[in-house]
Amino acid sequence: NDVLTNSFAQPGRGTSAKWQVNTCEDVKRAATSDGLTWVGTSLPQEHPDHGHYIALLIWPDTNFHWVRKDIDGTWSHKPGGTPVKNTDNSGSAITDPSKSDFAPWTQFCGYFVTVPSAVTIN
């Protein structure tokens, strides 16, 4: 999302439904509680009418990671406190998050649409 929170926003915290278990299903539940829309596991080809596509990945038993589809059709991400980048850990442009190298986030969960004016994040 591109809403400034000055925090490491957590799925579900904005609606008092924060994720409890680091699994695709629980983070998905928390994210949809905050207003994200689940769209499935097929790579979106077009841009949504409003907002951005984002992809969710899980580092098993540790944490989660988001990747955002940019206007040029590639994807970008911001690992922790590092700057945003549009390459994966192998240095390749991100064209399909389900097939990119985001290790240690190795479990691909699927895609959502996020509309900044329609989500509650914290």
Side-chain angles (χ1 to χ4, degrees):
N1 218 318
D2 55 5
V3 176
L4 182 63
T5 63
N6 292 317
S7 72
F8 285 100
Q10 298 289 306
R13 191 163 64 189
T15 54
S16 299
K18 186 177 174 289
W19 62 281
Q20 301 296 314
V21 182
N22 190 54
T23 63
C24 288
E25 284 306 310
D26 202 42
V27 177
K28 173 184 166 184
R29 175 201 54 76
T32 56
S33 174
D34 284 347
L36 277 66
T37 302
W38 172 252
V39 295
T41 57
S42 297
L43 179 68
Q45 299 300 314
E46 302 296 324
H47 292 287
D49 291 336
H50 303 284
H52 311 282
Y53 283 114
I54 58 174
L56 173 63
L57 296 105
I58 297 287
W59 176 354
D61 301 318
T62 305
N63 66 16
F64 57 89
H65 189 62
W66 297 103
V67 185
R68 185 178 90 163
K69 187 172 185 181
D70 298 320
I71 194 71
D72 68 357
T74 62
W75 296 73
S76 59
H77 65 127
K78 186 178 183 309
T82 66
V84 173
K85 62 184 196 170
N86 60 2
T87 56
D88 67 9
N89 292 340
S90 297
S92 299
I94 305 165
T95 56
D96 183 345
S98 72
K99 296 177 179 161
S100 296
D101 175 11
F102 294 109
W105 297 280
T106 55
Q107 185 179 5
F108 174 77
C109 300
Y111 301 99
F112 298 79
V113 171
T114 180
V115 178
S117 63
V119 297
T120 304
I121 61 173
N122 184 14

Can you find a pair of side-chain heavy atoms, one from [X] and one from [Y], that are under 4.5 Å apart?
| X | Y | answer |
| --- | --- | --- |
| Leu36 | Trp66 | yes |
| Pro48 | Lys69 | no |
| Arg68 | His77 | no |
| Thr95 | Ser100 | no |
| Ser98 | Tyr111 | yes |

Contact summary for [X] and [Y], nearest pair of heavy atoms:
| X | Y | result |
| --- | --- | --- |
| Phe102 | His65 | CD2-CD2, 4.5 Å |
| Ala103 | Asn89 | O-ND2, 2.6 Å |
| Ala93 | Thr87 | N-CG2, 4.3 Å |
| Pro97 | Leu57 | O-CD2, 4.2 Å |

Test your reading of the model: is there a side-chain donor-acceptor pair from [X] to the backbone of [Y], 3.5 Å cut-off?
| X | Y | value |
| --- | --- | --- |
| Asp88 | Ser90 | yes |
| Thr62 | Pro60 | yes |
| Lys78 | Gly80 | yes |

Hey, can you tell me if Phe112 and Trp38 have their rings parallel, tilted or perpendicular (30° and 60° cut-offs)?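 The rings of Phe112 and Trp38 stand perpendicular, inter-plane angle above 60°.
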For atom [atom1] of [X], is the number of surrounding heavy atoms from other residues, nucleotides or ligands below 6.0 Å larger than 12?
| X | atom1 | answer |
| --- | --- | --- |
| Lys85 | NZ | yes |
| His47 | NE2 | yes |
| Asp61 | CG | no |

Using 0.5 Å steps for rounding, measure from the [atom1] atom of [X] to the [atom2] atom of [Y].
| X | Y | atom1 | atom2 | answer |
| --- | --- | --- | --- | --- |
| Asn86 | Ile94 | CG | CD1 | 7.0 Å |
| Phe64 | Cys24 | CZ | SG | 12.0 Å |
| Ile58 | Asn22 | CD1 | CG | 4.5 Å |

Quiz question: by atom type and distance under 3.5 Å, do the side chains of Trp75 and Asp96 form a donor-acceptor pair?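 Absent: no donor and acceptor within the cut-off.
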